[in-house]
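What follows is a single structure, written as structure tokens, with notes after it.
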Amino acid sequence: MGLNHYVSDEDQILSTLVGPGGLDDFASAPLQSSRSRDYAAFGQLTVPLGQRLRVTGGLRYERARREKNQVAGALDLGPAGVFTFAAEDLQDDYEELLPRISLDWRPVDNVLLYSSASKGWIPGGFNLGATSSAVTGDFSRYGAETLWSYEVGTKLQLFDKRLLLSGAAFIIEAQDWQEYNVLVNDQGQVLSTNLITSNAAIRSRGFELEATGKVTPQIELHASFGYVDSKYTDYRFSATQDHTGNKVKLVPEYDASLAVSWRPWKGLLLRGEGNAAGKTYLNAENLAVQDPVLLLNAQIAWETDLWTVRFYVDNLTNRRVFTSSAYSNFAMGYDGTYYAGVGQPRVGGLQLSYKW
């Protein structure tokens, strides 16, 4: 059993250099503020049903308050137009009861079989943003996201626990799915700053496999593979935009990893790893696509009981990877090109840590 309390305050000032004037004319909109306060009470009980079978039930109650305060303001974005937001002093309360049940069985000491069902949620809230006068809907607030997750899996210990294997299959069904979006018109021109929307429902299903083992006392391997089929089961974003049946954006079709650690003698660690991600759609329209990518990392470290020196290089091949939603040209409208945020390029560093 337990209790949890969380408080967060956020202030935002939207600013731009895109509007009229030169670089000295840095235009800012008035302050926008939000406040979050969450409470939770939870408990869990495990009941043995014989020597090798257990059932576990859990229940969590959460209550969340969201507040928003702002005076009316405007942000002049030059060719993109003037974005405005109204004076608002809003508050909403959200609450949810979240059950969980699981069953696990050990037919033998080194094998675990389990299944579970659980409900999850993310409270709703208010956007701190601005929109064009062409936007007619209410994007000031977004609703609470709820989901049910179902999973079956197994865990095995082999060769005197030198090899650990696990696998799981899952289905997730979510309503009022929350996503970050920027509103655009039919020509691809931007109509808002970054907003959270919650007018989608999704279904994800897939499986995960994982293995960790010691090939020798000095060499350890870790490998994983996951596949997911995730799609919007209902997503009518606007009167002219229906994404129902499309793949959920920013969810790769698969992910895989392989890491090798070698300790040729006490204190020295050599490690290499590869992380792959499958085909990924970068927008809900499924028009912008990232092909499968592979990132390679390496490190060499010297470790003692008290301190560690580590030299590392991430993204060895300097691969460009898109990490955010993709949008067409905001200023000029759709021209066939999409733009998205990119991850870190090749990065190397030296790290020193000390424990006391």
Side-chain angles (χ1 to χ4, degrees), residues 62 64 66 92-100 116-127 129 131-132 134-152 168-188 190-208 226-255 277-290 322-328 334 338 340:
E62 290 196 14
R66 298 293 183 262
D92 258 337
D93 291 316
Y94 305 86
E95 60 180 355
E96 196 69 44
L97 199 59
L98 306 172
R100 183 181 187 277
S116 67
S118 61
K119 184 179 182 180
W121 86 311
I122 302 176
F126 301 104
N127 282 306
T131 60
S132 163
V135 176
T136 57
D138 179 14
F139 290 93
S140 177
R141 66 185 71 212
Y142 53 92
E145 174 188 318
T146 58
L147 64 85
W148 276 96
S149 175
Y150 310 92
E151 182 176 344
V152 294
F170 62 87
I171 296 177
I172 299 172
E173 296 175 336
Q175 302 294 323
D176 300 314
W177 176 254
Q178 294 179 6
E179 285 190 338
Y180 281 100
N181 277 299
V182 173
L183 306 180
V184 296
N185 61 18
D186 292 340
Q187 289 74 46
V190 63
L191 299 179
S192 76
T193 58
N194 207 25
L195 305 172
I196 297 176
T197 60
S198 60
N199 52 343
I202 73 158
R203 187 268 299 143
S204 292
R205 58 189 178 190
F207 65 86
E208 301 170 334
Y227 169 81
V228 61
D229 173 26
S230 185
K231 71 175 183 178
Y232 298 108
T233 54
D234 185 11
Y235 196 4
R236 294 170 179 85
F237 188 70
S238 70
T240 60
Q241 296 171 295
D242 187 353
H243 309 315
T244 302
N246 288 358
K247 297 289 188 179
V248 177
K249 68 178 181 180
L250 300 178
V251 179
E253 289 185 347
Y254 66 84
D255 60 82
K279 182 179 180 180
T280 305
Y281 292 95
L282 301 178
N283 59 7
E285 295 87 350
N286 286 181
L287 297 175
V289 184
Q290 177 166 261
F322 297 107
T323 58
S324 74
S325 298
Y327 298 95
S328 59
Y334 179 66
Y338 285 91

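All values derive from a computational prediction rather than experimental measurement.
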Test item: [X] side-chain N/O and [Y] main-chain N/O as donor-acceptor pair under 3.5 Å:
| X | Y | answer |
| --- | --- | --- |
| Thr233 | Ala201 | yes |
| Asp138 | Ser140 | yes |
| Glu285 | Gln241 | no |
| Thr280 | Gly278 | yes |
| Glu151 | Ile172 | no |

Rounded distance (nearest 0.5 Å) linking atom [atom1] of [X] with atom [atom2] of [Y]:
| X | Y | atom1 | atom2 | value |
| --- | --- | --- | --- | --- |
| Ile196 | Phe139 | CD1 | CZ | 13.0 Å |
| His243 | Asn199 | NE2 | CG | 9.0 Å |
| Lys249 | Ser230 | NZ | OG | 12.5 Å |
| Tyr227 | Tyr254 | OH | OH | 12.0 Å |
| Asp176 | Thr197 | CG | OG1 | 10.5 Å |
| Leu98 | Leu147 | CG | CG | 9.0 Å |

Between Glu145, Glu62, Glu96, which is the residue that forms a salt bridge (charged side-chain N to carboxylate O under 4.0 Å, His left out) with Lys119?
Glu96
Note, [X] side chain near [Y] side chain (heavy atom, < 4.5 Å):
| X | Y | answer |
| --- | --- | --- |
| Trp148 | Pro99 | yes |
| Tyr281 | Asn246 | no |
| Val248 | Arg203 | no |
| Asn127 | Tyr142 | yes |
| Ser325 | Leu250 | yes |
| Lys231 | Asn286 | no |
| Leu282 | Tyr338 | no |

Checking Asn194 now: which residues fulfil side chain to side chain donor-acceptor pair (under 3.5 Å) with it, not counting sequence neighbours?
none
With Glu253 via side chain to side chain donor-acceptor pair (under 3.5 Å) - residues at least two apart
none
For Phe237, enumerate each residue passing the ring-ring contact (aromatic ring centres under 6.0 Å, His included) test, keeping only those at least two apart in sequence or located in another chain.
Tyr235
Might you point out which heavy atoms bring [X] and [Y] nearest each other, and give the distance in Å?
| X | Y | value |
| --- | --- | --- |
| Ser198 | Gln178 | CB-CG, 4.2 Å |
| Ser204 | Val228 | CB-CG2, 4.1 Å |
| Ser192 | Thr131 | CB-CG2, 3.8 Å |

Is any NZ, NE, NH1 or NH2 atom of the basic residue among Arg66 and Asp92 found under 4.0 Å from an Asp or Glu carboxylate oxygen of the other?
no
Using 4.0 Å as the upper bound for N to carboxylate O, is an ion pair formed by Asp234 and Arg236?
yes
Would you say Tyr232 and Glu179 are linked by a side-chain donor-acceptor pair, where the criterion is simply a distance under 3.5 Å?
yes
May I ask you to check whether over 12 heavy atoms, not counting those of Tyr180, lie within 6.0 Å of atom OH?
no
